[in-house]
Q: 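One structure coming up, written as structure tokens, with questions to follow.
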Amino acid sequence: MPESPILKVSDLKVTFATRQGPLRAVDGLSFEVAPKEVVGIVGESGSGKSVSMYSMLGLVRDANVSITGSVKFNGREILGLTDREMQPIRGGEIGMIFQDPMTALTPVYTVGWQIIEQLRAHTTMTKVQARERAIELLAEVGIPDPRTRVDNYPHEFSGGMRQRVVIAMALSCNPKLLIADEPTTALDVTTQAQILDLMSKLQETYNSSIVIITHDMGVIAEMAHRVVVMYAGRPAEIGNEIDVVRHPRHPYTWGLLGAVPRVESRNDRLATIPGNAVSPLDIPEGCAFADRCAYRMDICTKRPQLQGDHGHLDACWLTDEQRVSIRSKATP
């Protein structure tokens with residue numbers, strides 16, 4: 001029997017009430033994460049990747065927000081839980097790596113103090129035990145001389161080292177699920193590779209499931225087992241990494257893959273997706289990508305539903321015959 005998903009998101013919708021009208025940040029997102037699985041959520045900035053994760057964890061606190069749908073973690077509905085009910089889950093069972101490690105760490109406290117506080121909030125460790133565990137965690141994520149560095153402040157670390165500290169904090173309580181929001185943003189290429197390699201090794205060590213949020217298809221190809229492609233708050237394509245990267249079905253996915261730089265074509269101009277991302281204040285009722293799509297048809301005024309075979313789903317009106325005839329031109 002297949003294992004039950006550790007996370008099951010069903011028809012998640014996040015809408016903000018604004019003076020200009022309803023802002024649909026997330027519009028019907030559904031996906032699952034199996035135990036020990038890495039799921040990548042990819043899309044342009046503003047596609048609803050981060051706000052969907054923050055909403056699931058109860059971190060969207062705007063009084064004008066409406067959050068509907070279902071989010072089940074280990075079979076328990078967590079959407080709508082109070083802060084008191086979420087306290088043992090956030091940081092304990094679900095770890096979070098935030099996008100900017102400098103703002104994720106409090107500048108007036110040492111990195112060791114911040115890890116110790118999390119350990120003591122979610123475990124029965126004494127202060128001495130928590131400090132030793134913090135030193136062990138810093139060593140595990142590759143911080144040199146951790147016994148000394150545990151008493152340093154965030155500004156005394158480089159960007160890559162701060163990201164390692166944030167990863168250590170997220171993993172401190174051996175979470176069942178780790179959410180990584182753009183973990184390699186603003187890092188140089190070498191440091192990015194080190195961080196991704198570190199996350200892969202730690203994922204194997206702790207047997208955690210991971211949801212990695214990114215706009216980088218290279219990160220997806222390296223880390224993810226399954227992929228959720230998002231556009232305008234909606235899932236455009238869902239499938240395992242091999243299917244989505246090697247046999248993409250949605251024109252938006254074709255565009256994302258076509259924009260990835262390649263060594264053999266380094267002198268050629270990079271491909272781009274025409275137009276601008278649709279405003280969440282003005283998402284059409286039909287296909288949200290239609291205005292930027294080279295293959296738009298009259299039927300695109302109606303919203304396509306996710307459909308497909310063998311777990312590879314997409315929301316597009318193109319037929320299989322049409323995809324076969326144009327995919328070779330749309331993808332590298």
Side-chain angles (χ1 to χ4, degrees), residues 4-17 23 25-26 29-35 39 41 48-131 133-134 137 154 165-181 183 206-213:
S4 300
I6 191 169
L7 180 70
K8 183 176 182 179
V9 180
S10 303
D11 198 26
L12 179 65
K13 296 181 180 180
V14 182
T15 305
F16 294 87
L23 187 155
V26 183
L29 177 63
S30 300
F31 69 95
E32 297 180 357
V33 182
V39 172
I41 301 181
K49 307 183 300 296
S50 296
V51 73
S52 60
M53 297 299 106
Y54 295 163
S55 300
M56 291 184 342
L57 296 177
L59 298 177
V60 178
R61 302 173 181 274
D62 194 301
N64 297 312
V65 69
S66 169
I67 304 174
T68 61
S70 172
V71 179
K72 291 185 177 180
F73 175 70
N74 263 351
R76 179 189 181 187
E77 181 65 53
I78 63 172
L79 197 63
L81 293 183
T82 65
D83 279 344
R84 181 180 292 273
E85 292 170 326
M86 283 295 294
Q87 183 175 351
I89 298 175
R90 284 194 303 244
E93 297 184 72
I94 301 178
M96 183 82 185
I97 300 174
F98 291 95
Q99 184 168 350
D100 184 352
M102 193 60 199
T103 56
L105 296 168
T106 305
V108 297
Y109 293 107
T110 66
V111 297
W113 183 92
Q114 295 178 64
I115 298 174
I116 290 168
E117 282 298 295
Q118 176 151 324
L119 286 166
R120 298 198 70 193
H122 294 285
T123 70
T124 58
M125 288 185 183
T126 65
K127 190 172 183 178
V128 172
Q129 291 171 331
R131 178 181 172 83
R133 178 58 180 151
L137 286 164
V165 171
V166 172
I167 293 173
M169 187 179 299
L171 291 170
S172 60
C173 297
N174 300 342
K176 296 181 177 67
L177 175 66
L178 179 65
I179 299 174
D181 186 7
Y206 289 93
N207 292 322
S208 298
S209 299
I210 296 179
V211 174
I212 185 166
I213 303 168

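Since this is a predicted model, take the numbers as computed values, not measurements. In what follows, every heavy atom counts, from backbone to side chain, and hydrogens, waters and symmetry copies are set aside.
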Q: Are any non-hydrogen side-chain atoms of Phe16 and Val60 less than 4.5 angstrom apart?
A: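 In contact.
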
Q: Within a strict 4.5 Å, meaning less than it, do heavy atoms of the Glu77 and Val71 side chains meet?
A: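 Yes, close enough: below the 4.5 Å cut-off.
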
Q: Which heavy atom of Pro107 sits nearest a heavy atom of Pro154, and at what distance?
A: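 Result for this residue pair: O-CD, 4.0 Å.
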
Q: At what distance, to the nearest 0.5 angstrom, does CZ of Arg131 lie from CG of Leu119?
A: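 The CZ atom of Arg131 sits 12.5 Å away from the CG atom of Leu119.
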
Q: Calculate, to the nearest 0.5 Å, the distance between atoms CG and CG belonging to Asn64 and Asp62 respectively.
A: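 Here the interatomic distance stands at 5.0 Å.
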
Q: Nearest heavy-atom pair of Leu79 and Ser70: which atoms, and what distance?
A: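 The answer is CD2-N, 4.2 Å.
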
Q: Working note: Asp181 + Tyr54, criterion side-chain contact (heavy atoms from CB on, under 4.5 Å); need CA distance, chi angles, decisive distance, verdict.
A: CA-CA 10 Å; Asp181 186 7; Tyr54 295 163; 2.7 Å; yes

Q: Between side-chain atoms of residues 89-99 and protein atoms elsewhere (two or more places apart, or another chain), which donor-acceptor pairs fall under 3.5 Å?
A:
unit_1: Arg90; atom_1: NH1; unit_2: Leu57; atom_2: O; d: 2.6
unit_1: Arg90; atom_1: NH2; unit_2: Asp83; atom_2: OD1; d: 3.3

Q: Give, for atom CG of Leu105 and atom CD of Gln114, the distance between the pair rounded to the nearest 0.5 Å.
A: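 Going from the CG atom of Leu105 to the CD atom of Gln114 covers 5.0 Å.
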
Q: Which heavy-atom pair separates Ile213 from Pro183 by the least distance, and what is that distance?
A: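 Smallest heavy-atom distance, with atoms named: O-CD, 3.9 Å.
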
Q: Would you say the side chain of Phe73 lies within less than 4.5 Å of the side chain of Lys176, judging by non-hydrogen atoms?
A: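 Result yes, sub-4.5 Å side-chain heavy-atom pair found.
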
Q: Of all the heavy-atom pairs spanning Leu137 and Ala168, show the shortest one and how long it is.
A: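 Of all heavy-atom pairs spanning Leu137 and Ala168, the closest is CD1-O, 3.9 Å.
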
Q: Is the shortest side-chain heavy-atom distance between Arg133 and Thr123 below 4.5 Å?
A: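 No. Closest side-chain heavy atoms not under 4.5 Å.
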
Q: Would you check if the side chain of Asn74 reaches a backbone N or O of Arg76 as a donor-acceptor pair within less than 3.5 Å?
A: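 Judged by distance alone, no pair lies under 3.5 Å.
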
Q: Minimum heavy-atom separation for Pro35 and Pro5, please, with both atom names.
A: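 Here Pro35 and Pro5 meet closest at CD-CA, 4.4 Å.
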
Q: Among pairs that include at least one residue of residues 108-126, which meet salt bridge (charged side-chain N to carboxylate O under 4.0 Å, His left out), considering only residues two or more places apart or in two chains?
A: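 Checked against salt bridge (charged side-chain N to carboxylate O under 4.0 Å, His left out) - neighbours excluded - no pair reaches residues 108-126.
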
Q: Run the numbers on Ile41 and Phe31 for side-chain contact (heavy atoms from CB on, under 4.5 Å), then give the verdict.
A: CA-CA 10 Å; Ile41 301 181; Phe31 69 95; 4.0 Å; yes

Q: Rounded to the nearest 0.5 Å, what's the gap from NZ on Lys72 to CD1 on Ile78? Could you check?
A: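 Those atoms lie 12.0 Å apart.
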
Q: A side-chain contact here means heavy atoms from C-beta on lying under 4.5 Å apart; do Ile212 and Leu178 qualify?
A: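 No, too far: nothing below the 4.5 Å cut-off.
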
Q: Does Pro175 offer a backbone N or O that forms a donor-acceptor pair with the side chain of Ser208 under 3.5 Å?
A: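 Yes.
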
Q: Please round to the nearest 0.5 Å and tell me the distance separating atom CG of Leu7 and atom CD1 of Ile179.
A: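 Reported to 0.5 Å precision, the distance equals 7.0 Å.
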
Q: Please report the shortest heavy-atom distance between Leu29 and Val9, naming the atom on each side.
A: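 So the two residues come closest at O-CG1, 3.5 Å.
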
Q: Quick check against the 3.5 Å criterion: does Ser209 have a side-chain atom that pairs as donor or acceptor with the backbone of Ala34?
A: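 Judged by distance alone, yes, a pair lies under 3.5 Å.
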
Q: Would you confirm whether Gln118, through its side chain, and Met169, through its main-chain N or O, come within 3.5 Å as a donor-acceptor pair?
A: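 The answer is yes, because a donor-acceptor pair under 3.5 Å joins these two groups.
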
Q: Distance check, rounded to the nearest 0.5 Å: His122 atom NE2 versus Cys173 atom SG?
A: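 Going from NE2 on His122 over to SG on Cys173, the span is 5.5 Å.
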
